[in-house]
Structures are given as C-alpha cells and as structure tokens.
Amino acid sequence: MCGRYTLRTPLTVLAGQFEFEFLDQPDFHSQHDLGPRFNIAPTQDVAAVRVVEPGGPRQLALLHWGLIPSWAKDTKIASGTINARGDTVATKPAFRAAFKRRRCLILADGYYEWLRSGKTKLPYLYEIKGGQPFAMAGLWESWHGEKRHDSRSASQGESESPLESCTIITTEANPLASQIHDRMPVILHPSDYRAWLDPANQDVAELARLITTYEGLDLTVRPVNTYVNNARNQGDKCIAPP
DNA sequence: CCAGACGTTGTT
DNA sequence: GTCTGG
DNA sequence: CCAGACGTTGTT
DNA sequence: GTCTGG
C-alpha cells in the first residue's frame, strides 16, 4: 500500500513535468511549507494536481490526506480512507462520487514500505529508476461539515471554508513491490494523466484500466539506513539523503 | 420501518 | 493492546 | 503509514 | 447520501 512517501522535487520542476498552472508567488511559499519533504504522513496536506471544471486548467492543490466523504458527520473516517482499493473504488459509498468527477494526481518521488522481521521494522524506499517524480492515482472530496478536528473556533457564525481531502488508490503489488508488501500505489503512466484528470470522462471501463499497474513501470527499492522517525517530533529531515 | 455503517492493511 | 497525532 | 501516549490530584 | 441488517 502507500502510507508514507517523499516529495523532494522543487515545485517549479513539478509544474513543468505535470503541466499545471503555477505562478511562483512569494505568498504561496510563505503560506505553505513546500520545501523538500522526506516523510509525508496521513493527515498532512499533500500536493495534488486536479482539473476542477471540464476543459479547465490543471491546478495545484494542497489536500488533507485521508478522504472525508461529503456525508461524513465528522472527520474520524479519514484514518481509514488514506487508500482506496482500485478494484472497488468505483462502487464503494465512500469513494464512488469522487471517482466519477474528482480524480487527481498525487505528486511523489518515492514511497516507503516497512520490512518486518520479528520485532524489528526497517524502512525501504521505492523510487522510479532515475529518481524522477511520478503521479499516484488519487481522488479528492470537499467536506462542508462542522465537527473538525482542528476546532479553531470561528465564533461569529462565520462560514468556514470547506475541507478538501484526498486518497491514494492502491493495486496489487508488482513483482518488485511484492518483495515487501502485497499492495502498492497506482502509479499512472504520463500518457494517461489527461484521461484520468478529465472530470467529464465517465468511461468507467477506461478509468478502471488506467488504474491497473502499467507495463514497464521501472521501480527500484533500497533500504533507508536512517530511521524514519515520526514527522511530528522529528520533522522531515530524518531520512538519509540519497 | 429505523439505525448504523460507509475504509484500509496486515497479523495473529 | 489500542488510540491519537502527524 | 508509524511513533508515542496511555492517569490523577493538588500545589507551586 | 445511500445501502444493509434487523
């Protein structure tokens, strides 16, 4: 599956590779920490590319990792919706609405799996050979509920902005990935980005085909010697540099 | 009819 | 063991 | 996903 | 919101 990953590539490089709108405004950088991230974890805001309106531009968005369906009464469900199974995502109540019209690319350049042997757990980093960033197939949602976890009391009846969240779709691990775990994130082929992102694309059969592991995906894996500490206490600077 | 779930993975 | 926070 | 907490009362 | 279980 995919419960931790990296994004070390600068935003300007990502903008070129994934062809999304990005104006290098100082405001944007000061509002969001978009520096190198070695240990992206669920509940954090993650970088995604989406097309909101049919025919519209590809836009960068920062989405809460852990999808909260529009009908959720609170955000508790998010811990179980950091991933969505590719074989059932079109029909599961929590995901099917997003699957129809709100697909996105989750930007990454590596993801971790932990190899367990007895009591010890060791992190391994999967990357695409060459180290270039890749796009994981994702869905996003907008939630207008009120029982937020980060209750910053809005007091005056001010309408809070909706909480935008996302999930990463998983599929069966390919031979390399299955050395450590049974499932892996869906990594999209660049030629499939357009069809995946188009909100008007309702061809369920085609969408299902896009999220099967593509032939020729050239992954590498290596142990990471420095322990991957919890992001909350150690920040992102805890992975051995490449 | 209403009440309650709605999700994932891995491990024993 | 299980829940929460990141 | 992992890491870390997990409890109380009263006193400074 | 919508489906399932009782």
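Lettering of chains follows the sequences in order, A, B, ..., and the numbering in each one begins at 1.
Each of E:dT2, C:dG6, B:dC6 was ranked by its minimum atom distance to the side chain of A:Lys73; first place goes to B:dC6. Of all nucleotides listed (B:dT8, B:dG7, B:dC6), B:dT8 comes nearest to the side chain of A:Thr170.
Between A:Arg183 and B:dT9 there is a side-chain polar atom (N or O) within less than 4.0 angstrom of OP1 or OP2. The side chain of A:Lys76 places no N or O atom within less than 4.0 Å of a non-bridging phosphate oxygen (OP1 or OP2) of C:dT4. Considering only side-chain N and O atoms, A:Ser79 lies nowhere under 4.0 angstrom from the phosphate OP1 or OP2 of B:dG7. Between A:Arg116 and D:dC1, a side-chain N or O to OP1/OP2 separation shorter than 4.0 Å is absent. Under 4.0 angstrom from either OP1 or OP2 of D:dA3 there lies at least one side-chain N or O belonging to A:Lys121.
Atom pair A:Glu141:CD and E:dG1:C1' shows a separation of 11 Å (rounding to whole Å applied). Rounding to whole angstrom units, OH of residue A:Tyr124 and P of D:dC2 are separated by 15 Å. Atom NE2 of A:His181 is separated from atom P of B:dT8 by 17 Å (rounded to the nearest Å). Spacing between atom CD1 of A:Ile82 and atom C1' of B:dC6 amounts to 17 Å, rounded to whole angstrom units. Distance A:Asn83 CG to D:dC2 C1': 14 Å, rounded to the nearest Å. A straight line from CD1 of A:Ile180 to C1' of D:dC2 spans 16 Å, rounded to a whole angstrom. Atom CD in A:Glu172 sits roughly 12 Å away from atom P in B:dG10 (whole-Å rounding). For the pair A:Trp143 CH2 and E:dG1 P, the computed distance is 14 Å after rounding to whole Å.
Hydrophobic cluster membership differs between A:Leu63 and A:Ile169, with clusters built from Ile, Leu, Val, Met, Phe, Trp and Tyr side chains linked at under 4.5 angstrom. By the rule that hydrophobic residues join a cluster once side-chain heavy atoms approach within less than 4.5 Å of another member, A:Leu163 and A:Trp65 end up as members of separate clusters. Cluster membership for A:Met1 and A:Leu139, using ILVMFWY side-chain heavy atoms within less than 4.5 angstrom, is shared.
Looking only at atom types and distance, the side chain of A:Asn174 has no donor-acceptor partner in the side chain of A:Thr213 under 3.5 Å away.
Contact annotation for A:Thr91: no contact, since no heavy-atom pair falls under 4.0 Å across all strands. A:Phe95 comes within 4.0 angstrom of sugar-phosphate atoms only, judged by non-hydrogen atoms across all strands, and of no base.
Nucleotides D:dG7 and B:dG7, compared at atom C1', are 32 Å apart to the nearest Å. Straight-line distance between the P atoms of C:dG1 and D:dT8: roughly 23 Å, to the nearest whole Å. Straight-line distance between the C1' atoms of B:dT9 and D:dC1: roughly 10 Å, to the nearest whole Å. Rounded to the nearest Å, the gap between the P atom of B:dC6 and that of C:dC3 is 15 Å. Taking atom P in both D:dC2 and B:dG10, the straight-line distance is 10 Å, to the nearest Å.
The aromatic ring of A:Trp114 does not sit over the base of D:dC2; the criterion of centres under 5.5 Å apart with planes under 30° is not met.
The aromatic rings of A:Phe99 and A:Trp196 sit perpendicular to each other, their planes meeting at more than 60°, with 30° as the lower class boundary.
Of the options A:Leu188, A:Leu207, A:Leu210, a side chain to side chain contact (heavy atoms under 4.5 Å, CB included) to A:Arg103 is made by A:Leu207 and by none of the others.
Taking only distance into account, the side chain of A:Thr43 meets the base of C:dG6 through a donor-acceptor pair shorter than 3.5 Å.
C:dG5: Watson-Crick or G-U partner is D:dC2, with both key distances under 3.5 Å. Base pairing analysis places B:dG7 opposite nothing; no Watson-Crick or G-U wobble pair with both distances below 3.5 Å involves it.
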